[in-house]
Amino acid sequence: MDTDWDHNSWYHRLLVRQMPLGARRVLDVGCGGGALARELSQRVDRVDAVDRDPQMVALARRGALGNLTVIEGDALTVDLPAGGYDAVLSLSSLHHLPLLPALERMAGWLRPSGVLAAVALPRTDLPSMSRWSSRP
Ligand SMILES: C[S@@+](CC[C@H](N)C(=O)[O-])C[C@H]1O[C@@H](n2cnc3c(N)ncnc32)[C@H](O)[C@@H]1O
């Protein structure tokens, strides 16, 4: 049976729903090819999206609306405005990053009462998640 189901796209709606009412400026961390960032840019005034992979950044910039800025950079070091975002979102990227430093940085980019929402994949190198491992 053919299906156009896609794991990451399936979660777009869930993440979009986490944005606070009236959100105007949103950040997508680890944006990959930019599908979520483009969707967000149709809903809020301004979207910034960051990814460390130049090829992903080039993809994400393709067809982006004028209110979407795609930044090539590492989430652990990139310079973004502290307290600058109503929501910081991340889809299937956190498992690439050291969790606590990444979450601290993401929280620092939120305005007071802003929302941090992430869909995270299991990290099999963490003991608490080892039961998710596909290894026998
Ligand atoms: C599995 S992809 C998910 C991409 C996108 N969020 C999606 O839903 O399709 C993970 C992305 O995180 C990016 N990434 C990994 N480590 C990163 C880091 N330290 N800083 C920024 N981006 C990072 C990768 O380049 C990759 O594009």
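As the structure lists them, so they are numbered: ligands from 1, and atoms in each ligand from 1.
Ser41 places no side-chain N or O within 3.5 Å of a backbone atom of Glu39 that could act as its donor or acceptor partner. Of the possible polar contacts, one joining the Gln18 side chain to the Leu14 backbone as a donor-acceptor pair under 3.5 Å is found. The main-chain N or O of Val70 is found under 3.5 Å from a side-chain atom of Arg61 such that the two form a donor-acceptor pair. A donor-acceptor pair under 3.5 Å is absent between the side-chain atoms of Arg52 and the main chain of Glu72, judged by distance alone. Side-chain atoms of Arg111 come within 3.5 Å of backbone atoms of Ser113 as a donor-acceptor pair (strictly under, hydrogens ignored). Looking at Asp51, its side chain does come within 3.5 Å of a backbone N or O of Gly32 through a donor-acceptor pair.
In this structure, Gly33 has no heavy atom closer than 4.0 Å to ligand 1. In this structure, Leu36 falls outside the shell of residues with a heavy atom less than 4.0 angstrom from ligand 1.
Within the 4.0 Å heavy-atom criterion, the part of Met56 lying near ligand 1 is the side chain and not the backbone. In Ala102, neither the side chain nor the backbone holds a heavy atom less than 4.0 Å from any atom of ligand 1. Contact annotation for Leu97 and ligand 1: only side-chain heavy atoms (C-beta onward) come within less than 4.0 Å of the ligand.
The single protein non-hydrogen atom nearest to atom 25 (O) of ligand 1 is Asp51 OD1, 2.6 Å, given as residue, atom name and distance. Among all protein heavy atoms, the one lying closest to atom 11 (C) of ligand 1 is Ser93 OG, 3.5 Å. The nearest protein atom to atom 15 (C) of ligand 1, hydrogens excluded, is given as His96 CB, 3.5 Å; this is a heavy-atom distance. Protein heavy atom in closest approach to atom 2 (S) of ligand 1: Ser92 O, 3.8 Å. From the protein, the heavy atom lying nearest to atom 7 (C) of ligand 1 is Asn8 ND2, 3.4 Å. The protein non-hydrogen atom at the shortest distance from atom 22 (N) of ligand 1 is Arg52 N, 3.3 Å.
Looking at Val16, Leu65, Asn67 one by one, the single match for side-chain contact (heavy atoms from CB on, under 4.5 Å) with Gln42 turns out to be Leu65. Shown are Leu116, Val26, Leu27; of these, the side-chain contact (heavy atoms from CB on, under 4.5 Å) with Tyr85 is made only by Leu27.
Distances below 4.0 Å separate heavy atoms of Asp53 from the following atoms of ligand 1: 25 (O). Short contacts between ligand 1 and Ala75, defined as distances under 4.0 Å to a heavy atom of the residue, involve ligand atoms 18 (C), 19 (N), 20 (N), 21 (C). Distances below 4.0 Å separate heavy atoms of Gly30 from the following atoms of ligand 1: 4 (C), 5 (C), 6 (N), 11 (C), 12 (O), 22 (N). The Gly73 neighbourhood of ligand 1 comprises atoms 20 (N), 21 (C), with distances under 4.0 Å to a heavy atom of that residue. Proximity to Asp74 (heavy-atom distance under 4.0 Å) selects the following atoms of ligand 1: 18 (C), 19 (N), 20 (N).
Taken to the nearest 0.5 Å, the CZ atom of Arg62 stands 9.5 Å off from the CZ atom of Arg38.
Where the criterion is an N or O separation shorter than 3.5 Å, residue side chain and backbone included, Leu76 fails it with respect to ligand 1.
Ion pairing between a basic and an acidic side chain is recognised when a charged N comes within 4.0 Å of a carboxylate O; Asp45 and Arg25 show no such pairing.
In this structure, the side chains of Val29 and Leu94 stay at 4.5 Å or more apart for every pair of heavy atoms.
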